[in-house]
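Data first, discussion second: the structure below is written as structure tokens.
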Amino acid sequence: MNLFKKLILASAIGMCFASTVNAEMSIEITEGIESAMPIAIVPFASQGAPLDISSVVDSDLTRSGYFKTLPPQNMPAKPSSADAINFPDWQAVRQNYVVIGRVQPNGGSYNVEFQLFDVANGSQLLGYRMSSSANDLRKTAHHISDMIYEKLLGKKGVFSGRIAYITTTRQGTQSNHKLMVADADGANAQAIATSIEPLMSPAWSPDAKRIAYVSFEHKTASVITQTLATGQRERVAEFPGINGAPAWSPDGSKLAVTLSKDGNPDIYILDLGSRNVTKLTKNRAIDTEPTWSPDGSKIVFTSDRGGKPQLYSIPVQGGEEKRITFSGSYNARASFSPDGKFITMVHGNGGDYRIGVMDVNSKSISVLTPGPLDESPSFAPNSDMVLYASRKGNTGYLSAVSINGRMQQRLVFDSSEVREPAWSPK
Amino acid sequence: MKFTKTLAAIAIVSTLALTGCSSDEEKDASLTDGSLNGGMNDASVNGLGDGSGMNGGRFGANGSKYGARGANGLPPEFSDPNNPLSKRTIYFMLDSSQVQQDFVSVIAAHARYLLANPSQHVVLEGNGDERGSREYNIALGEQRSKTVAGMLKAQGVSESQLGIVSYGEEKPVAMGHDESSWELNRRVEIAY
């Protein structure tokens with residue numbers, strides 16, 4: 001054990017601190033819907049707040065593709081209280097909804113108030129007052145966007161969430177890999193781990209407080225869990241061979257992982273408390289990329305037992321393994337929607353790899369993206385959008401597409417390879 | 001025993017890593033000398049700050065006083081282009097871990113060398129091209145490494161001389177996005 005420990009230490013000490021990385025990112029809507037709702041987000045009356053909340057709300061709603069916001073210079077007025085709104089003026093500029101708000105300092109923090117009105121009849125649809133620290137103003141803005149989105153569309157907004165992803169920059173034979181966490185709009189991008197060896201497969205814990213990922217920092221693969229708030233890391237799997245594809249159980253107490261310690265890659269359940277591993281699949285083929293059904297009852301995974309990679313399902317306590325994909329020569333890297341109704345996957349046909357989504361009941365697969373090198377799909381917490389990595393020419397992108405295929409946005413990075421996005425569950 | 005094997009593999013891997021990257025070697029040279037007190041917890045990753053200059057820790061095996069042997073320390077036949085030992089990369093067809101006929105003699109040459117030098121270790125690093133899903137490609141890379149390991153063992157090489165790691169599509173050598181790059185990336189590197 002002593003030698004083992006020393007070797008680990010010897011590799012672990014080759015560390016130094018990296019500076020905060022803010023990969024410049026912008027968002028393009030590449031496809032929107034024609035019936036986007038006209039809404040005016042009037043600039044909030046603000047006394048010295050360090051962030052323009054209304055402009056964050058405006059860009060959130062625009063980015064969703066479901067709303068068309070009115071530029072402030074085209075607004076008939078800039079009211080900040082309900083009685084100052086003259087609804088016929090807003091009807092005249094063909095708005096359906098108007099949002100007003102106020103931000104006032106209150107000791108060390110701010111009181112943020114906003115109201116949403118239906119222009120047609122002048123009725124108030126939403127009205128909230130919140131307290132926010134200066135640091136949390138952006139979060140508060142995303143929260144307001146979520147509330148407006150849910151009120152008007154009847155489904156949860158995803159503006160408050162965060163995304164994790166991997167970037168790589170290469171110089172000659174040296175490369176630098178980073179596990180990044182950013183707000184869903186790309187703001188506040190921070191590297192939570194950096195390595196000269198590959199980092200892979202980030203997966204959010206159900207409470208969004210931890211991320212599991214694969215690191216080759218010891219020149220062999222290991223699965224690590226890292227607590228975001230503290231940076232504390234635990235090396236939870238470092239067996240001989242593959243230690244990969246971590247997926248959290250819905251209750252956060254276990255990881256499904258791929259291990260090849262007994263010869264070939266199989267799915268194992270790793271209990272995070274006891275660190276015991278239980279072998280779930282026992283096929284001689286490749287079994288990998290487990291994902292947990294949201295009710296915790298089964299695992300869907302990739303296997304090439306039939307010759308090509310396809311998706312299979314097995315009860316979590318073991319039992320009959322069933323193939324669930326039959327169209328396409330390549331179906332891999334499954335991920336359940338949080339509502340359990342859909343599974344998204346990499347869907348390949350003749351060297352062309354796109355993102356597919358399968359209706360769990362009917363088993364029919366719709367192809368959502370243009371390919372040819374799309375990968376790593378994961379659902380937004382509202383089960384409405386899928387985030388994935390794609391490539392055009394030499395530039396890697398993260399993109400999001402709605403599962404009806406009608407909304408498409410691209411998160412554009414200024415440089416470096418970017419891949420394996422994962423949307424936080426909350 | 002399995003455990004001993006792991007140790008051996010880690011030892012090799014560390015040694016190689018330490019000789020592999022010269023620029024980092026300088027940077028971290030001071031660290032390798034006396035500061036082996038970090039504990040098992042790689043405690044240099046910071047938490048997510050409130051926008052306050054949060055830093056990520058940097059990991060990776062680099063810097064060395066374990067100089068051991070790198071490719072430069074190998075005998076001259078390894079750099080003689082007419083000697084099969086100069087070839088240390090085995091290439092594969094798409095979605096396949098079968099060794100093509102062209103590489104059988106290369107693997108045989110390495111088997112002979114390893115048999116004659118039983119204290120020599122190698123790591124078989126499996127790799128794939130960028131197409132398809134990443135973890136599946138890790139599994140495919142490991143199959144490729146294991147195929148090469150199997151051929152070496154069939155020729156008498158001891159398992160304890162062999163380490164296996166798969167990097168999947170994470171360590172491409174050719175950066176293009178077409179077949180000419182992909183065929184260079186579907187490979188096993190025999191790393192001395």
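Below, each value reflects all heavy atoms present in this structure, side chains not excepted, and no hydrogens, waters or symmetry copies. By convention in this document, chain letters (A, B, ...) are assigned in the order of the sequence lines, proteins followed by strands, and residues within each chain are numbered from 1. Everything quoted here is computed from the prediction, not taken from an experiment.
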**Region of A/I242 in contact with chain B, defined by heavy-atom distances below 4.5 Å** = both
**Fill in**
CD (A/E289) and CD1 (B/I138) are apart, to the nearest 0.5 Å, by 10.0 Å
**Message:** Looking at every heavy atom in both B/Y167 and A/P198, which two are closest together, and how far apart are they?
**Reply:** CD2-CG, 4.3 Å
**Top contributor to chain A interface from B/R134, B/R131, B/K146 [non-hydrogen pairs under 4.5 Å]** = B/R134
**Asked** Between B/Q143 and chain A, which part of the residue has a heavy atom less than 4.5 Å away: side chain, backbone, both or neither?
**Response** side chain
**Message:** Looking at chain B, which one of A/I166, A/D304, A/T302 has the largest number of heavy-atom pairs inside 4.5 Å, strictly under?
**Reply:** A/D304
**Asked** Highest number of heavy-atom pairs under 4.5 Å with chain B: which of A/D287, A/T288, A/I286, A/V214?
**Response** A/I286
**Asked** Do B/Y136 and A/V346 have side-chain heavy atoms sitting under 4.5 Å apart?
**Response** no
**Request:** Locate the shortest heavy-atom distance separating B/S133 from A/Y330; write the atom from each residue and the value.
**Result:** N-OH, 3.0 Å
**Message:** Quick check: under 4.5 Å, non-hydrogen atoms only, which of residues 169-178 of chain B neighbour chain A?
**Reply:** B/E169, B/E170, B/K171, B/P172, B/M175, B/H177
Would you list the atom pairs, donor with acceptor, under 3.5 Å between side chains in residues 348-356 of chain A and any protein atom, with sequence neighbours excluded?
residue: A/N349; atom: OD1; partner: A/S329; partner atom: N; Å: 3.4
residue: A/D352; atom: OD2; partner: A/R354; partner atom: NE; Å: 2.6
residue: A/D352; atom: OD2; partner: A/R354; partner atom: NH2; Å: 3.1

**Between A/S260 and B/E142: side-chain donor-acceptor atoms closer than 3.5 Å** = yes
**Fill in**
Looking only at A/M345, A/E375, A/K308, the option with the highest number of non-hydrogen pairs under 4.5 Å against chain B is A/E375
**Message:** side-chain hydrogen bond (donor to acceptor under 3.5 Å, both in side chains) for A/T258 and B/E135? Distances and angles first, verdict last.
**Reply:** CA-CA 9 Å; A/T258 302; B/E135 288 281 1; 5.5 Å; no
